[in-house]
Each structure stands twice: as C-alpha cells, then as structure tokens.
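Before any comments, here is the structure.
Note that these values count all heavy atoms, side chains included, but never hydrogens, waters or copies made by symmetry. Since we're looking at a predicted model, the values are computed, not measured. In listed order, ligands and their atoms are each counted from 1.
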Amino acid sequence: MTLPAAAAPSPSESVLQSVKESARRLNTSQEVIELLSTAWREVRAQIPVRMENRRLRIFEGYRVQHNGARGPYKGGVRFHPKADLDEVRALAMLMTYKCALMDLPFGGAKGGVMCDPTKMSDVELNRLTRSYTQHIGMVLGISRDIPAPDMGTNAQTMAWMMDAYGQRYGYTPGIVTGKPVELGGSYGREQATGRGVAICMREYATLEKTSPGDIKIVIQGYGNVGSWTARIAHDMGFTVIAVSDIKGGVWNPAGLDIAAVDRWFAVAGSVAGFEGAEPISNDDLLELPCDYLVPAALGEVITGDNGERIRARVVIEAANHPVTPSGDEALAKRGIPVLPDVLVNAGGVTVSYFEWTQNIQQFRWSLETVNSELEKRMVATFGELMTRSHNDGTRPRQAAFDISVERVAKAIMLRGFV
Ligand code: NAD
C-alpha cells in the first residue's frame with residue numbers, strides 16, 4: 001500500500017518553518033515563537049470597481065501586518081490572480097525578517113489584490129487602486145504602515161495610492177514609497193532591487209575568487225527586478241545568457257546584448273521572439289547550465305521535483321520565496337548554495353526606507369548618495385550573513401533567519417509584547 005504524499009506546505013507555512021528552525025537554534029522563548037507564528041492584523045476587504053464596460057466587479061484585497069516590534073509596517077502591494085491571503089501572509093512575514101536583516105526600522109507587511117492587471121485598462125487599474133486604498137486606508141499611516149510596489153504594481157500605482165490617501169487624510173507623500181520622482185519618490189528606487197541583486201552576485205563572485213567576466217547568469221522574469229538585474233549585472237561585466245517573462249524566454253550561450261533585448265522589449269512588450277537568441281520555455285530556462293540562476297518572477301518555481309535537475313552552481317533568490325523547502329533540500333543535497341530572498345532582493349525596501357526618510361525631512365538625496373548608501377548596506381549585510389553562515393556552519397538562509405529572528409525577538413522582549 002502506498003501512503004498518500006504529504007501535502008506541500010503553504011507559502012506561509014514554509015516561511016514559518018524557517019523561523020521555527022531559527023528559534024530552536026537560538027533558544028527563543030515559546031511565547032515569542034507563538035507571537036511570530038501569526039500576523040498581528042489581517043484586513044480582508046471587498047474592492048468594488050466599476051469596469052469600463054459599466055459592469056461592477058468585486059475583487060478581493062488584503063493588507064497583512066505581521067509584526068511591528070521594530071517599527072512601522074512596511075511592504076509592497078501585489079496585483080496578481082494568485083495573490084490570495086496565504087501568499088500575502090507569507091510575504092508579510094518575509095518582510096518582517098528582511099527589514100530586520102537589513103537593520104531597517106520597520107516591521108513587516110504586505111498587500112494584495114486578486115486580479116489580473118494585464119487584462120485591465122489604465123482607467124480600471126486607477127479605479128482599483130483607489131478603491132483598494134479607500135478600503136484599507138484606515139490601517140495605513142506614515143508611522144503605521146507604508147506600502148510600496150510589488151508584482152503587478154509600479155510607481156504609477158503608488159502615485160494613485162498617495163493621491164487617494166491624500167484626498168481623505170491630507171497631503172502625505174511618505175504614505176507610500178516607490179512613487180514617481182516628480183511626486184517625492186527617491187532617485188534610484190526603481191533600479192534599487194535589481195541593483196541590490198547585482199551587488200550580491202558581485203560580492204558572491206568575490207567570495208568565490210572569481211570575476212564577473214567568468215560568470216554566466218540566467219534570469220527568470222523581466223519586470224522591474226529581472227530587467228534591472230540584467231542591465232546592472234551586464235554593466236558589471238557578468239554574461240547574461242538567458243532571460244524570460246510570462247510569454248517565454250530567450251537563450252544565447254555566448255551572452256545576450258541586454259541593450260538590444262531592451263529595444264526589442266520596447267516594441268514587442270516581451271523578451272520572447274528576440275532575434276539573435278534561441279527561444280526557450282520558462283521551465284527549461286530554470287534547468288539551463290549556468291553559474292548563477294536568478295529566479296526574479298514568481299514564488300515556488302524551484303521545488304523538490306525540478307530541484308534535482310537544476311544545473312546552476314548557485315541560486316540567487318531575486319523573487320520572493322522562489323525556492324520551496326523541498327527545493328531547498330534538493331539543492332542542498334546536490335551542494336548548490338542558495339542566497340536567500342531576504343538578503344538578495346532587500347535593495348528595494350532599503351531605498352524605500354531612504355525615500356521615507358527623505359519624505360519625512362522634505363529633503364532630496366542625489367542619485368549618487370542613494371546608490372552609495374545602498375551599496376554600503378548591501379555589502380555590510382552580505383558580509384555579516386556570510387560570516388554568520390561560515391561561523392555557525394549553517395546555510396545562508398538559516399544564517400539570515402538567525403540574525404533577523406534574533407533582532408525581532410529582542411525588540412519584542414524590549415517592547416514588553418510578551
Ligand atoms: P513585475 O510585475 O515588474 O515583473 C514580474 C515579471 O515576472 C514579468 O516579467 C512577468 O512577465 C514575469 N512573470 C509573471 N508570471 C510569470 C510566469 N508564470 N512565468 C514566468 N515569468 C512570469 O514584478 P517585480 O516587481 O519585478 O517582482 C518580481 C519578484 O520580485 C516578485 O517575487 C516580487 O515579490 C519580488 N520583489 C520585488 C521588489 C520590487 O522592488 N519590485 C522588491 C523585492 C522583491
């Protein structure tokens with residue numbers, strides 16, 4: 001008799017698993033673990049939108065505030081058909097640890113609306129964003145909870161959110177980050193996540209005593225994170241051999257001309273079909289031989305199943321939660337290190353923090369200042385994490401959670417939450 005296979009953990013169960021493992025290593029009190037096991041507040045709201053065809057559609061939206069011991073809640077808003085409550089909860093938890101790892105004075109939150117933004121007009125997206133802001137606005141605030149862009153949202157979405165919030169509560173540019181520069185956004189925010197990913201790859205290459213010129217990279221996803229990672233990595237001298245988006249991928253083992261890919265994308269709206277490269281599916285792209293594999297689109301794309309077939313030397317998690325726990329085990333068994341999302345994609349929230357501080361002070365930093373402050377923080381945290389991993393004999397993800405759980409637990413105790 002064969003036993004039924006155990007159900008795969010949900011995204012939030014996967015994050016919690018990492019937290020509980022850290023808590024065990026750190027001897028964290030059971031009460032603190034209990035507090036960290038659920039979110040402080042979860043708002044689920046109806047988001048009614050009058051579509052352009054005059055029909056009313058009611059979407060489902062969320063804002064989850066996981067833990068605020070270290071500061072106001074901070075996290076992006078995702079517009080995606082799969083942005084259900086469990087996914088948003090998992091991403092909110094990750095934000096708590098990402099902010100703590102980077103030593104930013106924020107707690108963790110995330111928002112989402114289950115919708116397909118690629119099938120909505122700008123007018124509909126504007127209405128959806130305003131409706132969402134109106135329905136969750138009571139839990140936001142410049143010292144309470146500050147949203148930012150994530151998958152399916154961008155600077156324009158943040159401009160609409162800021163405007164909708166301002167109409168009700170008064171002009172408050174610091175209520176969201178990732179805004180257009182013209183509305184108080186920070187220079188360098190759009191590129192920040194990709195820049196942080198590229199910095200991590202460069203630091204890892206230095207640690208391996210290799211140079212970017214000898215390293216071939218594969219990137220899944222060509223949105224904000226994937227495309228900026230490709231551009232900045234290319235400028236640093238890495239060879240980007242494959243990129244993809246939802247419509248498919250392109251592969252050239254000799255290296256892609258990223259400027260030419262961008263020109264193609266501007267016309268075609270996708271990297272798929274780019275001439276001078278072979279077409280490749282998203283699944284096959286993940287299994288290409290390369291040095292660094294960079295999932296920069298969806299979560300849970302590397303699992304126990306395809307983990308056996310990954311041929312990269314290192315996995316660099318630019319997306320949130322792209323490797324499942326069974327994927328992690330499969331990669332570890334084969335000696336493939338994983339640089340974790342809480343470090344790799346933290347450049348975005350770090351520059352969001354700079355934007356928030358600039359808004360509070362009503363003062364603007366130059367692009368050079370933003371980039372050099374980001375560089376300092378990414379390099380310092382990369383070094384701290386890898387040193388901890390080396391000293392404790394833990395994997396980079398475990399070291400990242402050990403550092404951040406320790407910080408969050410300390411803040412919880414000092415605040416007197418338990
Ligand atoms: P985006 O919406 O700008 O781009 C997403 C990309 O993924 C697009 O190229 C899209 O075509 C592609 N994609 C969507 N579905 C796909 C599929 N089924 N197969 C292959 N590709 C698919 O989103 P983004 O802001 O670049 O975010 C990407 C990831 O990075 C997400 O996991 C997000 O949570 C994470 N992240 C983003 C930021 C940020 O600052 N934007 C910060 C930290 C983490």
Note every protein N or O atom lying under 3.5 Å from an N or O atom of ligand 1, pairing the names and giving the distance.
from	atom 1	to	atom 2	distance (Å)
ligand 1	2 (O)	G152	N	3.0
ligand 1	3 (O)	N224	N	2.9
ligand 1	9 (O)	Y222	N	2.9
ligand 1	9 (O)	G223	N	3.1
ligand 1	11 (O)	I246	N	2.9
ligand 1	26 (O)	N224	N	3.2
ligand 1	26 (O)	V225	N	2.9
ligand 1	32 (O)	R78	NH2	3.3
ligand 1	32 (O)	A297	O	3.0
ligand 1	32 (O)	N320	N	3.1
ligand 1	34 (O)	R78	NH2	2.7
ligand 1	34 (O)	D150	OD1	2.7
ligand 1	34 (O)	D150	OD2	3.2
ligand 1	34 (O)	N320	ND2	2.8
ligand 1	40 (O)	R189	NH1	3.4
ligand 1	40 (O)	R189	NH2	3.4
ligand 1	40 (O)	T193	OG1	2.8

Just jot down the salt bridge (Lys or Arg N to Asp or Glu O under 4.0 Å) partners of D103, sequence neighbours excluded, or say none.
-> R70

Tell me, which pairs form a side chain to side chain donor-acceptor pair (under 3.5 Å) where one or both residues lie in residues 266-277, sequence neighbours left out?
-> D245-S270

Determine, for R57 against E124, whether the closest basic-nitrogen to carboxylate-oxygen distance falls under 4.0 angstrom.
-> no

Distance only, no hydrogens: is a donor on one side chain within 3.5 Å (strictly under) of an acceptor on the other, for Y222 and D262?
-> yes

No-hydrogen, no-angle side-chain donor-acceptor test under 3.5 Å, D163 and Q167 = yes

Mind checking what makes salt bridge (Lys or Arg N to Asp or Glu O under 4.0 Å) contact with R25, not counting sequence neighbours?
-> D402

